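Convention: sequence-line order gives letters A, B, ...; per-chain numbering from 1. None of these values were measured; they are calculated from a predicted model. Scope of the values below: all heavy atoms of this structure, side chains included, with no hydrogens, waters or symmetry mates.
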Amino acid sequence: MGHALNTVLQDVLSRWKRMSGYSVLWLPGTDHAGIATQNVVEKELALKGLDRHKLGRDAFIALVWKWKAEYGGKIIHQLKRLGASCDWSRERFTLDEGLSRAVKEVFVRLYEEGLIYKDNRLINWCPRCHTALSDLEVEHEELEGNLTYIRYPFSDGSGHITVATTRPETMLGDTAVAVNPHDERYKGLAGKTVKLPLTDRNIPLISDDAVDPSFGTGAVKVTPAHDFNDEAIAKKQIPPLEFISVIGAEGRMTADAGKRYAGLDRYECRRLVLEDLTELGLIEKEERHRYSVGHCYRCKTITEPLSTPQWYVNVKPLAEEAIRVVKEGKIRFIPGTWENTYFSWMENIKDWCISRQIWWGHRIPVWYCREMKTEQCRAQKGVIVSRETPRKCPFCESLELVQDEDVLDTWFSSALWPFSTLGWPDQTDDLKTFYPTSVLVTAFDIIFFWVARMIMMGLKFMGDVPFRDVYIHALIRDIRGQKMSKSKGNVVDPLIMMDRYGTDAFRFTLAAFAAQGRDIKFSEERVEGYRHFVNKIWNATRFIMMNLKEGEVKSPKNELDLASRWIMSRLALTADDVNEALGDYRVNDAASSIYQFIWHEFCDWYIEMAKDELENPESRTGAIWCLLYTLDKTLKMLHPFMPFITEEIWQRIPHAGSDIKESIMISDFPASLQRDYEAEEDMSCIMEAVTGIRTIRGELNIPPSLKLNVSIKPFSDKTEKILKKNVHYLRRLARVDMVNIGMDIKKPEGSATYVKSSLEIYIPIKDLLNIEMEIKRLEKEEADLEESITFLNRKLTNKDFLDRAPEEVIEKERSRYEELVQKKEKIMVSIKRLKEAEV
RNA sequence: GGGCGGAUAGCUCAGAUGGGAGAGCGCAGCCCUUACAAGGCUGAGGUCACAGGUUCGAUCCCUGUUCCGCCUACCA
């Protein structure tokens, strides 16, 4: 669903810009999703009782490629099914030859500049995926656990010190106990040693400022090989503390954990350690404790800090530039609040661990010389970093070279996407034409993974930003607001939605839901609603086509009537709204403008009004032309949202003049059409009259089949003229028979009244036996008016308001007040008359 | 621990720069009016989470509170 929303938003923007005359490149492609993909294939292997090690590296990778060919096209298929107007001839994959070349180039250059280096330190390790993860790839989640207080006896037999821990099993790797140097309780104890229970080791008691005296006992066990804090403490000590790894790559205890524990799973070991300590009477107490634990973002396994050699990028210098361009407005986040998120991460950025101990990905372009025959080679530690596979060691000519086993983080190649896909490192025409790109559309959950890194790499290697706008859209959640995930089983399949409701309805739903910055709780009912909308359009077209006669298409025969002028003006307004909204990435506003126009103006009003003319062939002037014209423009406006039905219909309707193109998707998007304010104003009188009569009918339960005799008293000459000229609209839309219009009309005895701002309507109801209902209706309206009048009166007699509010606001409120008072008086008169008539 | 966002109709959500709140669905009433009953017309329904403050005036701005959600962090 996330991909679907993302695709629809990009497609709406692409189609809109393309129709607006721009040369639009939307380059499709996929990344190789290293860990995730490898996991899937490994699972399939496991079902056959195999694993990748039995298969061997080359065979395994061949298998993943096969899998990729078979299933990897699914995303592309979905894109196409959604109607994404990408340039399919340029489809890219991060493991393509070209992109791989870019990856190597970037790696080598960063290495040569000293920005890529190898180091042995603690990293987050996933024991299940069997690889290092970057900080970002670890998801922290709060868990309920125990805080265990354990007694460590002093080596000299003078009692004990108690430490508190959430991970008792790691005590097997403790190499110190630390206290805060200012903690009075432990004054003078630093330098003593304690005997580490369950082992035969004695470890020092040290002091360090990082220890918080208020937590636990104020004394902390130090396990440098399995805890980031402890690692920092250990490295500060002179000499540094020893690192003892008691947990291995599989999440099992190592031989260093001792015979009794070696080979156990880390959690089994925890149980056993606790048992053993209990037996020894060394557990002081246990407390319930909430603490956050890291999980692998791909398989949700609890990660383990392990000390391993990995490759890192020193991203600080890159991040500084990346912060600057956003601060200077060269890149704009939409909505802008995301800039804060971006800054806070960038400003505290840590080195990026880029090596992964998996096979599916870009193999690190580093070789090691086995022999290191010369001094120079040894000085380089036999490390060869090269764009091409080296035949022999450049330092000592040895032929004994082995390539680094690791692959790069998938995001490393994704970071290059804006330029690697355009042919970089070659200076291609595409690169010159399309870099920097206009906009990146994505969800906020990958701002750090992807957006930030593209900005850093783009600036570094292209010397310019990769895109000008970053449009961050909402994340789709299920109806309860939960993130959709396979494991929760709350995933909605876009393909099923499209099968069920049609792609256009589905697309329109996503577009209409896409309010900026918000999460979207997906509801299937909404899709169903928009399917109705699609039908509505189809039916409206059917109606127009039914009424089409030869030769009426080219141009209006005569001057357009009021309704036609009105709908064209409303069309112009809608086009302005849509263009403005899309320009601001308010895709949902654009969608609802079009929806409102088509359904409630074009269908509900204009088509109904046009029927009058269509049914009287001799008086046909321009309505059919106007229907077609408006339909044509409407389809174009709707096209970015609903490409399928708009194309289908557009191909079937006749087109006038030069506007004939082979596809709606390359026709001109409506813009800068002429408004007709006079028509809109005049039309509002007609609409007031129609809705007024309908309201009376509805509220007094007068059946539609009963044709009414209506009197209308306009408040001005102008209104009178308009009404008289367009009285045929009233007959049809309000289903009235006789209409009396005149400023001097007196209210007939016993009639229902409706007071509008430009006119007053009377409908005789004496014979309809519902005078009482009408009195009740009017009394309610009077009460409502009274309330508003009181409110406005209070406001308008408030001296402070009159003194300080802007003149235009006061004037507006004053005229509203006048209007309401007049309306109320008229209603009171009506009530009086009706009561008389009733008697 | 730090930060961000949300709380508006029964439900799902819109509400640019402060001037008595809107849509879709649902609900009620009336309609098979020859494009559409997957439709038309009409209507009911809201102390805009709570408490203060700024202002002539607050759903909107400020402060605090409560309840949700998210991001981020090395409290063992």
Side-chain angles (χ1 to χ4, degrees), chain A residues 122 135 140 147-148 163-167 170 178 210-212 214-223 227-233 289 291-292 294 305 337-338 340-341 344-345 348 444-445 447-448 475 477 479 481-483 512-513 515 517-523 525-526 528-547 580-581 584 586 588-589 592 595-596 600 603-604 607-608 611 615 690-691 694-705 732-735 787-788 791-792 795 798-806 808-810 812-813 816:
Chain A
L122 280 197
D135 295 342
H140 292 272
L147 186 61
T148 310
V163 298
T165 181
T166 54
R167 302 201 56 194
T170 62
V211 179
D212 176 3
S214 67
F215 187 91
T217 60
V220 56
K221 61 193 262 325
V222 182
T223 321
D227 185 284
F228 291 100
N229 286 320
D230 297 356
E231 180 193 34
I233 292 174
H289 180 64
Y291 64 115
S292 87
T337 51
W338 291 109
N340 292 328
T341 310
S344 70
W345 187 69
N348 300 305
F444 64 80
D445 56 344
I447 289 180
F448 306 142
L475 217 57
R477 301 177 180 281
I479 200 79
Q482 303 269 316
K483 203 167 172 174
F513 259 138
R518 270 266 216 159
D519 288 346
I520 296 171
K521 282 186 219 155
F522 185 78
S523 95
E525 280 172 23
R526 269 297 269 278
E528 198 178 353
Y530 288 122
R531 182 179 60 180
H532 298 171
F533 179 48
V534 178
N535 279 317
K536 188 80 180 174
I537 297 160
W538 183 257
N539 283 321
T541 307
R542 225 158 46 98
F543 172 76
I544 295 169
M545 297 302 282
M546 254 169 51
N547 283 282
E580 203 184 314
D584 293 341
R586 286 180 289 112
N588 57 320
D589 286 346
S592 67
Y595 180 91
Q596 182 66 26
H600 299 301
C603 291
D604 286 351
I607 289 185
E608 291 308 315
K611 280 177 184 173
E615 285 174 14
V690 170
T691 52
R694 282 171 173 172
T695 302
I696 293 174
R697 228 189 233 286
E699 298 202 345
L700 300 186
N701 290 336
I702 302 170
S705 52
R732 171 174 297 275
L733 297 188
R735 302 187 62 73
E787 205 180 308
S788 303
F791 173 80
L792 282 174
K795 202 169 186 177
N798 181 339
K799 195 170 169 299
D800 288 332
F801 174 71
L802 296 174
D803 286 350
R804 305 197 191 191
E808 56 192 48
V809 171
I810 296 173
K812 207 174 116 197
E813 300 290 54
R816 222 174 99 214

A/N588 has its side chain closest, among B/C75, B/U12, B/A14, to B/A14
Distance col, row A/F533:CZ vs A/Y595:OH, nearest 0.5 angstrom, shows 7.0 Å
Counting just side-chain N and O atoms, does A/H289 come under 4.0 Å of either OP1 or OP2 of B/A76? yes
- Query: NA contact type, A/T695, heavy-atom cut-off 4.0 Å: base, sugar-phosphate, or nothing?
  - Reply: sugar-phosphate
Phosphate contact (B/C41 OP1 or OP2) by A/H600 side-chain N/O below 4.0 Å:
no
Note on RNA chain B: ranges paired as stems (three or more Watson-Crick/G-U pairs in a row, both atom distances under 3.5 Å) are B:1-7 with B:66-72, B:10-13 with B:22-25, B:27-31 with B:39-43, B:49-53 with B:61-65
(request) Please work out if A/Y291 contacts a base, only the sugar-phosphate, or nothing of the nucleic acid, heavy-atom cut-off 4.0 Å. (result) sugar-phosphate
- For the base of B/A35, is there a side-chain donor-acceptor partner from A/N539 under 3.5 Å away? no
Counting only N and O atoms by type, is there a donor-acceptor contact under 3.5 Å from the side chain of A/D584 to the main-chain atoms of A/R586? no
Review point. In terms of side-chain geometry, is the basic nitrogen of A/E608 or A/R732 positioned less than 4.0 Å from the acidic oxygen of its partner?
Key: no
For B/A35, does the base pair up with any side-chain atom of A/E608 as donor and acceptor (N or O, under 3.5 Å, distance only)?
yes
Scan A/N348 against the nucleic acid and name what it touches under 4.0 Å (heavy atoms): base, sugar-phosphate only, or nothing. nothing
The nucleotide from B/G19, B/A14, B/A35 with an atom nearest the side chain of A/A805 is B/G19
Quiz item: With sugar-phosphate meaning primed atoms plus P, OP1 and OP2, does A/N798 contact a base, only sugar-phosphate, or nothing at under 4.0 Å between heavy atoms?
Solution: sugar-phosphate
Ranking B/G24, B/A38, B/C70 by distance to the side chain of A/F444, first place goes to B/C70
Picking from B/G19, B/C75, B/A73, the nucleotide nearest the side-chain atoms of A/F801 would be B/G19
Note to self: Students often get this wrong, so: under 4.0 angstrom with heavy atoms, is A/P806 touching a base, only sugar-phosphate, or nothing?
What the structure shows: base
Per atom distances to the A/M546 side chain, the nearest of B/A35, B/G19, B/G24 is B/A35
- prompt: Does OP1 or OP2 of B/U72 have a side-chain N or O of A/H140 closer than 4.0 Å?
  reply: no
Self-check item: Between A/Y291 and A/H140, ring centroids under 6.0 Å
Solution: no
Next item on the list: Indicate whether OP1 or OP2 belonging to B/G57 is found under 4.0 Å from a side-chain N or O atom of A/K799.
Entry: no
Looking for any heavy atom pair under 4.0 Å, which part of the strands does A/T166 touch: base, sugar-phosphate only, or nothing?
-> sugar-phosphate
